[in-house]
Amino acid sequence: MDHLNNIFSNELESSKVSGKIQKIIFDIIFQHIQDLVFVMKVEKGPHFRYLFINESGMKKANLRAESIGKTLQEVLPAEFAKSLQQKYGKILKKKEILIFDDHFYFKDGKKIYGETILTPIFNEKNSISYVVAVTRDVTEWSLEKNKIIESEQRYHSIIENNMDAIMMISPEGKIVEANPAAATLIGCSEKQLVNRSIYDVINDHDLENFKTLLEKTCSGYAQESLDCKLIHSKGHLLIVHLKTVPILINGNINGLYVICKDLSEQSKNMEMINFMAFHDQLTGLFNRRALLEHLNQHIDSPSPKKQEFALISIDLDRFKYLNDTLGHLAGDEILKRVAERLWQFQNEQCFIYRLGGDEFNILLITSDRKTTSNFVKKVFLAFSQSFYFNSQEYFISPSIGISMYPYDGKDADMLIKNADEALFRVKERGKGHFQFYRTDMNAVFSNVVTLETHLRKAIDKNELSLFYQPQIDVTTGEAKSYEALLRWNDRDLGAISPAVFIPLAEDTGLIISIGYWVIEKACQQIRVWNEKGYNDLVVAINISPLQFQHPNLVPFIQTMIEKYKIQASSLEIEITEGTMSDTIETIPILRKVKEIGISISVDDFGTGYSSLNYIKQFPIDVLKIDQSFIRDILIDKKDAAITSTIIHLGRSLGLEVIAEGVENIQQVEFLTKAGCHKIQGYYYSRPIPVEQLEQEYLERNLNKKSN
Ligand code: C2E
Ligand code: MG
Ligand code: MG
């Protein structure tokens, strides 16, 4: 150090400062100042040679006493020396103080941030002979500053790039800052948001709620709300999850952040999930869950005057058959079309459901029996038009059962069960109509399974038989044709009505084997009668729709005709309108039947979806007016009109018209007058067993002939 001291004191001598002061200055500079002080001698080149380095400079710049007298390049790392050389060079040119920030690395890798002042010292010739460099070590401060800058950048990054809308607001509610997500959410620019009041973008309805939220936040507690809505610049409302967070600076709350997560998409998804939970996916109608919920809502309604309502249970006739024969895709399509037709009835008082398969339900509010009946008639009317699928025309009729609240059930389960029970009865009684629930319904055959088990064995156990009901020719008063009607007398259960077991046989497929049994039995009977001399007669056999589609039907009939050596013309088949709804399938079968020489009769005519179109297209011979029209023919003008029209229609198409279910003379007179060809009904005879028919009809006819 002494060596250094000497050199420097020599230099200072020329500046004529008193020795004592010199010493003080020197000590301060040399020992006490924390800044790095360098005095550089300027030489030609220019070269800058270390003349003086204080202690701090030695230590912090990692220099040693040997550096004195050496140039920048000799002492410092090359890069650093180069950059300093430039700065020193600059001062020579500009001849004035130069201040710069710098950072430099020393050999040990230490990084120093410095704030340097270069001061030129001029000689008498006004050229610079020394440069005093004072570098303040700002490393700590710089690192601190960098940290602050970094954390500020991080903070900005969070705010700027946040997917959630973030607005910084003053305690009064003025928007001070808004991030891009906030601008996008509200539908304007960030600038447009700033300086506006947050209350401008809060839905009026939620203002009070938001004010409370803001107050609580300003007292230091973060808040959140799930049902606050914002107003989009285009006017629509945005559902958001809103959070407010206080901004605490030096212990004071000087504003808050409002953070909003857009829930519109999520709530759309929720709506979707909700929709799917309560709607049938195929048709979009309400589902079973919705039905139960709606029923319970109405039943639990707190209103003291409970409203009546009707639960209508609908099943599509022949749907199973269509689904099996056309395939499930077609089946689905049909269900969709049916749903569309039912949908037209949906309003605040009327809700439509699909429970699965072809089961539909309607809930009709404030409805008494009369309004319900009228409503159901409208439903039937909606089905009276055919459905088109793959350019094919189909007729689909509903069967409908109804239970009324509160009379037929006090809870949802009971109401559903009883509506289904009523529907089951409708199906038993030939489908295509409706029925209200009656309390006595449950009593009869609630155990369908037992019945089915018995029915399966009925043929083998010889429990089936055919009864015959004469059809009286109106002009001659004679019976030439007889309808064969199946009877089942179960050993354990007793006599069971065809209205009960035929639908069951149809649903289980048993009707095919039973049907073949009927055909064979009837042919055999004709043979027996022929042998007894009763030749000139016709037996009408009922063919179920399912059996009609069976590929073996026509060959089987033909085989039976041959086996029993009877004339085809002594057979007639009765098919229902339901059988005829599929023209492509039906016409060829009917043609074959006709070719054999068998006549074709349309049973229960008028109850299905009678279309003039098919009467014209199908090779049919006979129309059998359904007994439901005949029943009220004398009291209901509409039924009378329908009956007369059918007779007229049949006659004009050259078809024979039979009325069935005729029970009294007045009906006979009406029908005779209207020009009906034949009459079948209790008025003349119930269906009777073979022996009785022989005695009462066949024998008599034979006698008449021989007379
Ligand atoms: P359907 O073919 O329309 O037969 C007429 C039904 O009306 C018969 O009922 C008959 O007994 C009844 N009936 C006849 N005259 C009168 C009357 O004056 N008043 C009333 N109230 N009823 C009358 P049944 O024998 O109970 O048969 C019911 C249904 O069962 C039949 O209706 C038919 O669809 C079906 N069926 C009967 N036998 C067979 C069969 O062998 N095969 C098939 N597939 N179905 C059958
Ligand atoms: Mg019949
Ligand atoms: Mg009939």
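Just so it is clear, the model here is predicted, and its values are computed rather than measured. For ligands, and for the atoms within them, numbers begin at 1 and follow the listed sequence.
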I'd like to check which ligand 1 atoms, numbered from 1 as shown, lie under 4.0 Å from a non-hydrogen atom of [X].
| X | value |
| --- | --- |
| E663 | 17 (C), 18 (O), 19 (N), 20 (C), 21 (N) |
| V662 | 18 (O) |
| E574 | 2 (O) |

Salt bridge check: are E463 and K457 linked by an N-O gap of less than 4.0 Å? no

Decide yes or no for F375 and C350: does some side-chain heavy atom of the first lie under 4.5 Å from some side-chain heavy atom of the second? yes

Decide yes or no for E577 and F605: does some side-chain heavy atom of the first lie under 4.5 Å from some side-chain heavy atom of the second? yes

Listed partners of W517 passing side-chain contact (heavy atoms from CB on, under 4.5 Å), at least two apart: I459, L464, L466, L486, K521

Output all residues satisfying side-chain contact (heavy atoms from CB on, under 4.5 Å) with A419, sequence neighbours left out; order by chain, then residue number. L311, S313, S403

Does even one non-hydrogen atom of [X] get within less than 4.0 Å of ligand 1?
| X | answer |
| --- | --- |
| E506 | no |
| P687 | yes |
| E483 | yes |

Environment of the Mg ion (ligand 2) in terms of protein N/O/S atoms, cut-off under 2.8 Å: E483 OE2, N542 OD1, E574 OE1, D603 OD2

With backbone taken as N, CA, C and O and side chain as the heavy atoms from C-beta onward, which portion of [X] lies under 4.0 Å from ligand 1: side chain, backbone, both, or neither?
| X | answer |
| --- | --- |
| D603 | side chain |
| V518 | side chain |
| Q547 | neither |
| K624 | neither |

Name the option, out of R487, R631, Q471, Q627, that contains the heavy atom nearest to atom 12 (C) of ligand 1. Q627

Which is closest to atom 38 (N) of ligand 1 in terms of heavy atoms, L464, L486, I511? L486

Pair E478-Y697, side-chain donor/acceptor within less than 3.5 Å: no

Is R337 positioned over the aromatic face of F387, cation under 6.0 angstrom from the ring centre and no more than 45 degrees off axis? no

With salt bridge (Lys or Arg N to Asp or Glu O under 4.0 Å) as the rule and sequence neighbours excluded, what pairs involving residues 663-692 come up? E656-K678

Are H454 and F501 close enough that their ring centres sit under 6.0 Å apart? no

Less than 6.0 angstrom separating the ring centers of Y353 and F360, yes or no? no

Shortest protein heavy-atom distance from atom 30 (O) of ligand 1, along with the residue and atom involved: P498 CB, 3.5 Å

Checking side chain to side chain contact (heavy atoms under 4.5 Å, CB included) for the pair N287/L291: CA distance, chi angles, key distance, verdict? CA-CA 6 Å; N287 62 10; L291 174 66; over 6 Å; no

